[in-house]
There are 2 protein chains.
Amino acid sequence: MRIGELATNAGLTAKTIRFYETAGVLPEPERQPSGYRDYNGSALARLRFVKAAQAAGLTLAEIRQVIAVRDLSGPPCRHVADLLDTHAADLDRRIAELAALRDDVQRLRDRAKSLDPSRCDDTAVCHVIPADDPAAHPPARIP
Amino acid sequence: MRIGELATNAGLTAKTIRFYETAGVLPEPERQPSGYRDYNGSALARLRFVKAAQAAGLTLAEIRQVIAVRDLSGPPCRHVADLLDTHAADLDRRIAELAALRDDVQRLRDRAKSLDPSRCDDTAVCHVIPADDPAAHPPARIP
DNA sequence: CTTGACCTTCCACCGCAGGGGAGGCTTTAC
DNA sequence: GTAAAGCCTCCCCTGCGGTGGAAGGTCAAG
């Protein structure tokens, strides 16, 4: 199977597959005499795993690590379970942060309705966003 | 006021302030004969606005736009209110996405407890993450 | 006069997951 | 035989919000 066919089967582009190879989540395949990559069925299984793991929120670095753990010490199930635990906890944290940010934004928005634009302070950019906001959390990065 | 003092007062680094200048959220200040930047109090007010707006989830590009709107057509309150509306809606969407992802991850995690690692399929990387996951959403980008 | 703190510009880099395109082979179809 | 796909490697680009460092100018104290 050449790279284009594999890409079509996996629902990816050839570019992405080469990128996965350099990213270490897909092993280097055999080469045909022409130099073309020559894949077998296990590459497709691997790509399906990568997609499923990505859908579960794992980064390529984590996926690479899972694969390495498996290659070194057998089934990485416990490792994967730990990763999933960590991700669930991260997601909980991020959801809570975003919910708090949403509430702040909503509060500002509601306050804006009760403000008179003509009374906008000349020294500030816009009084809808109070520069001395006491509730100003450190910029809520949304990574 | 030189850049270091302004940075200390604003709780930023001098690097960041220069970056804000190139990003267009802070106007170019006067220069001392030495070439050093020479700030007045309005720079500090501006930086406070930028921090507050960032805390409200606005990007530097949006902040720059708010400032431009203000400079062109006066108080940008309505524009800012619209931005806040959009951001609140975006946050709602993203919170829902993350919650769905969190549930998926939790489901996988729970399922992992009931699996026997010794039965890990040799063809897959790890059966905790099913490669034929039917619930696999398109990779839930977390932008 | 020299040391050290502060400032200047410019260029490069981080993570993350790829995308774009150049320049050059090989394979396939007509 | 020739044109069109398809593939190869290589390097640069994206967005976002900065951070790091090099090479050099400036200012105050000792």
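So you know, we letter chains A, B, ... as the sequences are listed, proteins then strands, and number each from 1.
For E28(A) and dC8(D), the CD to P distance is 12 Å, given to the nearest whole Å. Here the P atom of nucleotide dC16(C) and the CD atom of Q65(A) are 12 Å apart, to the nearest Å. In this structure, NZ of K51(A) is placed 14 Å from C1' of dG18(C), rounded to the nearest angstrom. R64(B) has its CZ atom 10 Å from the P atom of dG17(D), to the nearest Å. Distance, L6(A) CG to dC7(D) P: 10 Å, rounded to whole Å. Following rounding to the nearest Å, M1(A) (CE) and dT27(C) (P) show an atom-to-atom distance of 18 Å. Regarding D38(A), its CG atom lies at a distance of 15 Å from the C1' atom of dC8(D), rounded to whole Å. A straight line from CD of Q32(B) to P of dC27(D) spans 8 Å, rounded to a whole angstrom.
Nucleic acid contact class of R18(B) (heavy atoms, under 4.0 Å, all strands): base.
The side chain of R37(A) contributes an N or O atom lying less than 4.0 Å from OP1 or OP2 of dT9(D). For the pair T16(A) and dG19(C), the criterion of a side-chain N or O lying under 4.0 Å from OP1 or OP2 is met. Contact between the side-chain N/O atoms of S34(A) and the OP1/OP2 oxygens of dT27(C) is found at a separation under 4.0 Å. The shortest distance between the side-chain N/O atoms of T13(B) and the OP1/OP2 oxygens of dT19(D) is below 4.0 Å. Taking 4.0 angstrom as the limit, R2(A) places none of its side-chain polar atoms (N or O) nearer than this to OP1 or OP2 of dA5(D). The phosphate of dG18(D) (OP1 or OP2) has a side-chain N or O of Q54(B) nearer than 4.0 angstrom. Note on Y36(A): every side-chain N or O is 4.0 Å or more away from OP1 and OP2 of dG6(D).
Here the side chain of K51(B) pairs a donor or acceptor atom with the backbone of A10(B) at under 3.5 angstrom.
Atom CD of E30(A) has 12 or fewer neighbouring heavy atoms from other residues, nucleotides or ligands inside a 6.0 Å radius.
For L60(A), the side-chain atoms get nearest to dA17(C) when compared with the rest of dA17(C), dG18(D), dT9(D). Between dC8(D), dA17(C), dT19(D), one nucleotide has an atom nearer to the side chain of I3(A) than all others, and that is dC8(D).
Each of K15(B) and A61(B) has a nearest nucleotide on DNA chain D; the 5'-most of these lies closest to A61(B). Between A14(B) and L12(A), the residue whose closest nucleotide on DNA chain C is further toward the 5' end is A14(B).
Note that the OH atom of Y39(B) and the CZ atom of R46(B) stand 12.0 Å from one another [nearest 0.5 Å].
When all heavy atoms of P29(B) and E21(B) are compared, the closest pair comes out as CD-OE1, 3.5 Å.
Among R18(B), M1(B), E28(B), Q32(B), the single residue meeting the side-chain contact (heavy atoms from CB on, under 4.5 Å) criterion with R37(B) is R18(B).
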